[in-house]
Amino acid sequence: GPGKDLEFCIVRPGGLNVEPPTGVVNVIEGQAGSIPRADVADFCLGAVLDADFPYIGKAPCISSLGGTSWTKDRSAAARGAMAD
């Protein structure tokens with residue numbers, strides 16, 4: 001039917017907090033701990049902007065504690081900038 005070819009990622013964060021972003025998001029099997037709202041937003045942007053985002057078609061549970069780390073590469077090389 002309509003929409004069956006759409007890509008999706010259903011993000012299931014643990015308890016949201018207002019701490020500063022850590023830059024590290026852990027994908028959890030089971031119950032997740034807390035996570036800064038900014039890190040959840042960064043993970044969601046990754047789902048939209050990263051061509052090789054590993055969780056398309058999945059519903060990852062994310063937390064700042066435990067699990068398998070997914071770290072956004074914030075380096076200049078990753079952003080396509082030339083090194084000085």
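None of these values were measured; they are calculated from a predicted model.
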Trainee: Do the side chain of Asp39 and the main chain of Gly23 share a donor and acceptor less than 3.5 angstrom apart?
Mentor: yes
Trainee: Nearest heavy-atom pair of Ser63 and Ser34: which atoms, and what distance?
Mentor: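 Nearest pair, atom of Ser63 first, then Ser34: OG-O, 3.5 Å.
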Trainee: Hey, are the side chains of Pro13 and Val11 touching, using non-hydrogen atoms and a 4.5 Å cut-off?
Mentor: yes
Trainee: Consider only side-chain heavy atoms of I, L, V, M, F, W and Y, link residues closer than 4.5 Å, and tell whether Leu16 and Val27 are in one cluster.
Mentor: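 They do share one cluster, since a chain of ILVMFWY contacts under 4.5 Å joins Leu16 to Val27.
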Trainee: Would you please indicate yes or no on a ring centroid separation below 6.0 angstrom for Phe43 and Phe53?
Mentor: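 Yes, close enough.
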Trainee: Is the backbone of Ile62 close enough, under 3.5 Å, to the side chain of Arg12 for a donor and an acceptor to pair up by distance?
Mentor: no
Trainee: Which pair of heavy atoms, one from Cys9 and one from Pro60, lies closest together, and at what distance?
Mentor: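 So the minimum-distance heavy-atom pair works out to SG-CD, 3.8 Å.
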Trainee: Looking at every heavy atom in both Ala47 and Ile56, which two are closest together, and how far apart are they?
Mentor: O-CD1, 3.7 Å
Trainee: Of all the heavy-atom pairs spanning Thr22 and Ser64, show the shortest one and how long it is.
Mentor: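 Between these two residues, the closest heavy atoms are OG1-OG, 4.3 Å.
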Trainee: Any side-chain to backbone donor/acceptor pair from Asp50 onto Asp52? Under 3.5 Å, distance only.
Mentor: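 Side chain of Asp50 to backbone of Asp52: no pair is present.
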